[in-house]
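Chain identifiers are assigned alphabetically (A, B, ...) following the order of the sequence lines, protein sequences preceding nucleic acid strands; residue numbering begins at 1 within each chain. Note: hydrogens, waters and symmetry copies are ignored here, and every other heavy atom, side chains too, is used.
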4 protein chains.
Amino acid sequence: MAESALKKKENGRGTRATDAEETRFNILEVATAEFADKGLSGARIDEIAERTNSSKRMIYYYFGSKEGLYRAVLERAYTAVREVDADNRRDDLDPDAALRDVVGVTFDYHNQHPEFVRLVMNENILRGAHVGEVPGIRERNRKVIDQLRAILARGVASGHFREGVDPVELHMTISALCFYNVSNRYTFSFGFERDMSSPKALARRRMSVIDVIESWCRA
Amino acid sequence: MAESALKKKENGRGTRATDAEETRFNILEVATAEFADKGLSGARIDEIAERTNSSKRMIYYYFGSKEGLYRAVLERAYTAVREVDADNRRDDLDPDAALRDVVGVTFDYHNQHPEFVRLVMNENILRGAHVGEVPGIRERNRKVIDQLRAILARGVASGHFREGVDPVELHMTISALCFYNVSNRYTFSFGFERDMSSPKALARRRMSVIDVIESWCRA
Amino acid sequence: MAESALKKKENGRGTRATDAEETRFNILEVATAEFADKGLSGARIDEIAERTNSSKRMIYYYFGSKEGLYRAVLERAYTAVREVDADNRRDDLDPDAALRDVVGVTFDYHNQHPEFVRLVMNENILRGAHVGEVPGIRERNRKVIDQLRAILARGVASGHFREGVDPVELHMTISALCFYNVSNRYTFSFGFERDMSSPKALARRRMSVIDVIESWCRA
Amino acid sequence: MAESALKKKENGRGTRATDAEETRFNILEVATAEFADKGLSGARIDEIAERTNSSKRMIYYYFGSKEGLYRAVLERAYTAVREVDADNRRDDLDPDAALRDVVGVTFDYHNQHPEFVRLVMNENILRGAHVGEVPGIRERNRKVIDQLRAILARGVASGHFREGVDPVELHMTISALCFYNVSNRYTFSFGFERDMSSPKALARRRMSVIDVIESWCRA
DNA sequence: TATGAATGAGCCTTCATTCAT
DNA sequence: TATGAATGAAGGCTCATTCAT
């Protein structure tokens with residue numbers, strides 16, 4: 001992660017700047033957990049400050065306000081996703097395997113990052129009030145769509161996939177299936193008395209989701 | 001809706017009983033909007049009271065606490081869904097048409113009831129803290145699953161559907177696709193610059209979702 | 001007790017009046033317990049009403065206000081004491097035995113009626129704001145003092161008691177010793193790790209108190 | 001008083017720390033008056049805050065809750081008593097004079113500190129719910145008992161006092177007589193039409209109380 | 001850069017009391 | 001006489017934010 005690197009960033013003048021970045025980083029870590037846990041209105045500045053290595057005053061010093069801190073948290077979460085996607089190169093896989101890989105990786109990321117899912121849920125509760133101020137989201141998404149479009153094109157060319165699958169629709173479908181599994185875990189697993197968190201249940205669902213996507217694209 | 005009926009419930013003695021139920025009903029309506037809008041912690045009892053025909057004191061008279069009111073709202077929302085499902089009889093449709101109907105109705109319900117979607121989102125933010133106290137959820141869900149199981153069985157028998165589709169997985173898939181379209185509307189439509197609310201966009205997505213489900217079940 | 005008699009008071013017209021008195025009586029019983037338990041400000045009208053056979057409205061119907069009810073409770077408690085004192089005739093005892101009897105009976109009454117002690121405590125917390133409106137207190141007290149004065153006089157005449165003991169001072173001394181044992185039971189028994197409520201402890205303290213009074217009056 | 005000393009506590013860095021203690025002290029002073037006046041349930045946080053040099057918010061900052069403030073007040077009152085007792089050395093007085101001194105000082109303290117008496121009354125109304133959390137009470141009391149035991153022993157040795165007087169019983173008797181004179185002032189002075197607050201009345205009662213104790217212990 | 005103290009506005013909740021029937 | 005519904009005022013408590021040092 002980029003943030004880990006920041007922690008040890010050295011400079012010639014001493015340790016001051018590094019301390020500042022460490023403080024910022026530490027606050028963000030704590031705040032991410034809090035906002036993901038309770039939402040914007042449910043989180044408490046006092047509680048965040050308490051779990052921090054620094055103080056409440058520092059939160060305002062660095063982030064200006066509760067909303068400013070929330071925005072910084074949201075941005076950091078989206079940035080982390082971007083980095084994951086950027087890492088993946090699938091040009092050497094055949095279209096079908098590439099698609100399965102995209103779906104699988106997406107599924108795994110959501111499960112491994114419930115805090116991201118919860119932040120996005122909360123942002124939608126707020127009707128996207130702050131997402132507009134997070135830079136770079138659209139660029140990242142275009143890349144994601146481009147990648148899917150390329151895979152689809154290769155699949156159509158190779159006869160694996162049917163024509164007419166819109167890459168944005170495809171992404172929305174993948175995203176919905178992966179997101180829901182984490183976002184609605186509590187109400188669904190209670191209401192349908194079905195475990196959704198065990199490795200076994202996740203593995204099974206993972207396969208189902210891949211299967212859904214594949215059967216939809218197949219020629 | 002059942003509540004509308006209550007409003008006019010007649011009794012021999014006059015209108016008193018009806019007034020109390022009207023008050024309760026009115027509070028629930030307003031509270032549903034508020035909790036769906038801002039979540040449990042974001043909603044304000046004062047604001048709910050203001051938009052009500054009665055007073056803050058009456059909220060506590062009838063519901064005991066903010067959480068008590070929230071639970072009543074949650075229960076009412078789930079009850080409303082149950083009633084919709086119960087109304088639908090699909091025995092006279094062929095399996096394929098029945099399945100398409102189920103998906104379409106589910107899709108429409110979510111779009112027409114964003115407040116339900118938002119309440120469920122919020123309840124998941126709260127890690128399902130209150131859903132356990134809403135009676136009847138599991139019974140209703142069993143009926144939903146039974147209905148899907150029957151459709152799947154008929155489809156397998158007629159050769160339309162493949163074997164091995166688990167009805168709970170199927171429901172989860174349908175639900176995810178319909179839910180996400182409303183729940184993540186704000187972040188998705190911003191991030192991918194795609195309209196998700198216009199009648200045209202909804203009609204298109206509705207078809208896609210039906211198509212996803214159908215192609216997954218098809219033999 | 002006079003109140004018990006009221007419960008069954010019959011009249012020619014039916015049961016209406018009796019019901020009313022029963023209601024009043026029942027409210028007073030419950031209110032006495034509540035006010036003795038929590039004090040005037042700590043007691044809750046709602047809770048009193050709940051434990052009553054009737055309703056909150058009836059409390060206001062019969063007693064006008066929370067304070068009115070409190071005054072009625074106070075009056076009833078003082079009336080009960082009066083009746084106990086009136087019952088006691090000690091002319092046939094020798095002065096020493098009579099004095100011992102007065103002290104013993106007073107000690108026992110306080111222990112058997114902690115609710116009376118607590119009501120008086122509370123009234124003193126209120127700086128005696130309502131005791132002035134309770135009729136008959138002074139008359140009763142004059143009788144008590146007269147009785148003590150007579151006993152002292154007989155004792156002086158017989159050579160048992162010294163001269164110069166003021167009957168009001170004597171009553172104050174008796175009262176203080178009997179009252180404190182109940183009123184300060186909680187802080188004292190905690191602070192000095194001494195049981196003050198067991199039959200054994202009470203019997204011992206009873207003897208001490210009698211002894212204190214006796215040795216003070218003895219010639 | 002220890003608190004007065006705290007007000008001027010000096011430190012090298014300036015006056016900040018002192019300000020905080022002043023605020024705490026000021027709140028405690030006002031709260032003591034309020035709780036002594038109205039009891040725990042009768043006291044109003046708003047009113048306390050108003051009479052303070054600081055604000056309602058500060059009360060919660062320093063004491064957490066109304067009960068927390070009440071406990072702090074109770075502790076301070078008990079601490080003050082301890083200090084008074086600790087000051088008194090009576091080894092150079094003969095047993096009789098020492099006992100008279102103990103009783104007189106106790107009598108005076110109660111009269112000069114009605115707020116202490118009222119706090120203890122209130123705590124007993126609450127059935128000693130908080131006294132257990134006040135540290136040091138038992139230690140202080142043991143010292144008081146030890147002192148009495150020593151006086152009694154000296155008196156028995158010198159032939160002034162009889163044997164068999166239990167020091168705890170003695171303390172209870174002294175305490176009862178001194179406490180009652182303040183605690184039941186309102187109901188008693190009304191009921192018996194006797195002044196209990198004038199210097200003259202107090203002086204007279206003081207002598208009586210000393211006399212009661214003395215005659216009880218005398219050989 | 002850092003910290004403990006302080007704050008005003010507002011939040012959830014409760015109370016004694018009254019009204020309509 | 002009796003009851004459920006309703007209320008205004010206030011009570012305890014919490015929040016995000018700022019100040020003094």
So, are Glu75(B) and Arg71(B) salt-bridged, with charged N and O less than 4.0 Å apart?
-> no

Determine, for Glu50(B) against Arg44(B), whether the closest basic-nitrogen to carboxylate-oxygen distance falls under 4.0 angstrom.
-> no

Interatomic distance where [atom1] belongs to [X] and [atom2] belongs to [N] [whole Å]:
X	N	atom1	atom2	value
Lys38(C)	dA16(E)	NZ	P	11 Å
Phe63(D)	dA5(E)	CZ	C1'	14 Å
Ile48(B)	dC12(E)	CD1	P	8 Å
Glu22(D)	dA6(E)	CD	C1'	15 Å
Ile45(A)	dT7(E)	CD1	C1'	16 Å
Phe25(D)	dA5(E)	CZ	P	18 Å
Glu67(D)	dC13(F)	CD	C1'	13 Å
Glu50(C)	dT3(F)	CD	C1'	15 Å

Let me know which of Leu28(A), Asn26(A), Thr23(A) forms a side chain to side chain contact (heavy atoms under 4.5 Å, CB included) with Thr52(A).
-> Asn26(A)

dist Asn122(A):CG -> Lys38(A):NZ (nearest 0.5 Å) comes out at 12.5 Å

Have a look at Ala49(C) and say if it touches a base, only the backbone sugar-phosphate, or nothing, with a 4.0 Å heavy-atom cut-off.
-> nothing

Would you tell me if any nitrogen or oxygen in the side chain of [X] comes within less than 4.0 Å of OP1 or OP2 on [N]?
X	N	answer
Tyr61(D)	dA6(E)	no
Ser55(D)	dT7(E)	yes
Thr23(C)	dT1(F)	no

Quick check for you: among [options], whose closest atom lies nearest to any side-chain atom of [X]?
X	options	answer
Tyr60(D)	dG12(F), dT17(E), dT3(E)	dG12(F)
Lys56(C)	dC12(E), dA2(F), dT17(E)	dT17(E)
Lys66(C)	dT7(E), dG12(F), dT17(E)	dT17(E)
Arg57(A)	dA20(F), dC12(E), dT3(F)	dA20(F)
Asp46(A)	dT17(E), dA16(F), dT3(E)	dA16(F)

Taking for each residue the nucleotide of DNA chain F with the nearest heavy atom, is it Ser54(C) or Arg44(A) whose nucleotide lies nearer the 5' end?
-> Ser54(C)

Comparing nearest nucleotides in DNA chain F, the 5'-proximal residue of the pair Leu40(D), Tyr62(C) is Tyr62(C)

On DNA chain E, check which nucleotide each of Asn53(A) and Met58(D) is closest to and give me the residue with the more 5' one.
-> Asn53(A)

is_close_aromatic(Tyr70(A), Phe63(A)), centroid dist under 6.0 Å | no

